[in-house]
> 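Provided herewith is a single structure, encoded as structure tokens, for subsequent inquiry.
We use all heavy atoms of the structure for the numbers below, so side chains are in, but hydrogens, waters and symmetry mates are not.
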Amino acid sequence: MAALLLLADQASKWWILERLDLPALRNLPLLQVGPFGLDLTMVWNRGVTFGLLSGEGPLNHVLLAVVAVAIAGFLLRWLWRAETRLVALALGAVIGGAVGNVIDRLRFGAVVDFIRAHAWGWNWYVFNIADAGIVCGVVALLADALLRRPARG
């Protein structure tokens with residue numbers, strides 16, 4: 001799962017930057033259904049989730065990348081001990097997403113975000129495939145923790 005998500009993430013970012021040239025376009029509306037919309041919008045995210053900790057210092061992106069690698073290492077250790085397939089897949093999604101965003105930080109000094117969802121004048125944060133994998137993985141881990149029945153022993 002980690003490798004699949006990482007591949008999808010990096011391929012989508014390559015397409016957005018090299019083929020579509022979204023940095024020059026800035027915004028490309030994709031879908032509008034009533035009040036709901038989906039666009040491709042170029043954002044260079046220098047921080048973490050929701051743009052938090054977005055400093056401009058020369059070491060900021062390296063520091064954030066090191067933290068993400070450390071977290072991915074912890075998750076890899078957890079992955080080897082995963083008790084269920086759902087937990088293993090969820091951890092793989094989080095790891096693949098984290099590594100995808102680390103690659104961006106090291107290559108560009110920022111994460112390539114480009115998917116924008118909006119409705120009724122409200123905008124969700126701009127995200128990428130890696131972010132979606134991380135969020136879905138965390139939701140699956142929370143669901144597993146809250147809903148899994150203890151093993152009978």
> Do V139 and L4 land in one hydrophobic cluster if side-chain heavy atoms of ILVMFWY residues count as linked below 4.5 Å?
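No.
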> What pairs with L7 under side-chain contact (heavy atoms from CB on, under 4.5 Å), at least two apart in sequence or on another chain?
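If we apply the side-chain contact (heavy atoms from CB on, under 4.5 Å) test to L7, skipping adjacent residues, there are no hits.
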> Which heavy atom of L89 sits nearest to which heavy atom of M1, and what is that distance?
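What the structure gives for the nearest pair is O-CG, 3.3 Å.
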> Over all heavy atoms of both residues, which pair between A110 and R46 is shortest? Give the atoms and the distance, please.
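Heavy-atom minimum between the residues: CB-NH1, 3.3 Å.
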> Would F108 and L17 satisfy side chain to side chain contact (heavy atoms under 4.5 Å, CB included), going step by step from the backbone distance to the final call?
CA-CA 12 Å; F108 308 117; L17 296 174; 3.6 Å; yes
> If every non-hydrogen atom of I115 is compared with every non-hydrogen atom of L38, which pair is closest and at what distance?
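Looking at all heavy atoms of both residues, the closest pair is CG2-CD1, 3.9 Å.
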> So how far is it from M42 CE to D21 CG, rounded to the nearest 0.5 Å?
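Here the rounded value is 10.0 Å.
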> With clusters defined by side-chain heavy atoms of hydrophobic residues (ILVMFWY) lying less than 4.5 Å apart, directly or transitively, does L79 cluster with L141?
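Same cluster.
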> Are W14 and L20 linked, directly or through intermediate hydrophobic residues, by side-chain heavy-atom contacts shorter than 4.5 Å (ILVMFWY only)?
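Hydrophobic grouping puts L20 with W14.
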> Quick one: side chain to side chain donor-acceptor pair (under 3.5 Å) pairs with a partner in residues 76-90, sequence neighbours left out?
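Listed by first then second residue: E83-R148.
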> If you look at every heavy atom in P23 and I16, which pair is closest and at what distance?
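Closest heavy-atom pair between P23 and I16: CD-O, 4.0 Å.
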> Enumerate the residue pairs fulfilling side chain to side chain donor-acceptor pair (under 3.5 Å) with a member in residues 34-43, sequence neighbours excluded, ordered by first and then second residue.
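Non-adjacent pairs meeting side chain to side chain donor-acceptor pair (under 3.5 Å): N27-T41, D39-R116, D39-H118.
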> How many angstroms lie between CD1 in I129 and CD1 in I134, if you round to the nearest 0.5 Å?
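If I round to the nearest 0.5 Å, the distance is 12.0 Å.
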> List the steps and the verdict of side chain to side chain contact (heavy atoms under 4.5 Å, CB included) for V112 and W44.
CA-CA 5 Å; V112 177; W44 292 99; 3.4 Å; yes
> Taking ring pair (Phe, Tyr, Trp, His ring centres under 6.0 Å) as the definition, give me every residue that meets it alongside F36, ordered by chain and number, with sequence neighbours left out.
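Listed in chain order: W120.
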> Out of curiosity, L31 CG to L40 CG, how far, rounded to the nearest 0.5 Å?
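Interatomic distance, L31 CG to L40 CG, rounded to 0.5 Å: 11.0 Å.
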> Taking S12's backbone N and O only, do any of them form a donor-acceptor pair with Q10's side chain (distance below 3.5 Å, no angle check)?
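Checking the backbone N and O of S12 against the side chain of Q10, no donor-acceptor pair under 3.5 Å is found.
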> Please list every donor-acceptor pair under 3.5 Å in which a side-chain atom of residues 92-103 meets a protein atom from a residue at least two apart or in another chain.
{"from": "N101", "atom 1": "OD1", "to": "K13", "atom 2": "NZ", "distance (Å)": "3.1"}
{"from": "N101", "atom 1": "OD1", "to": "N128", "atom 2": "ND2", "distance (Å)": "3.2"}
{"from": "N101", "atom 1": "ND2", "to": "D131", "atom 2": "OD1", "distance (Å)": "2.9"}

> Check which hydrophobic residues are tied to V43 through side-chain heavy-atom contacts below 4.5 Å, counting indirect links as well, and list them.
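When side chains under 4.5 Å apart are linked, the cluster holding V43 also contains V126.
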> If you group Ile, Leu, Val, Met, Phe, Trp and Tyr by side-chain heavy-atom gaps below 4.5 Å, do F114 and W124 land in one group?
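Yes, F114 and W124 fall within the same hydrophobic cluster.
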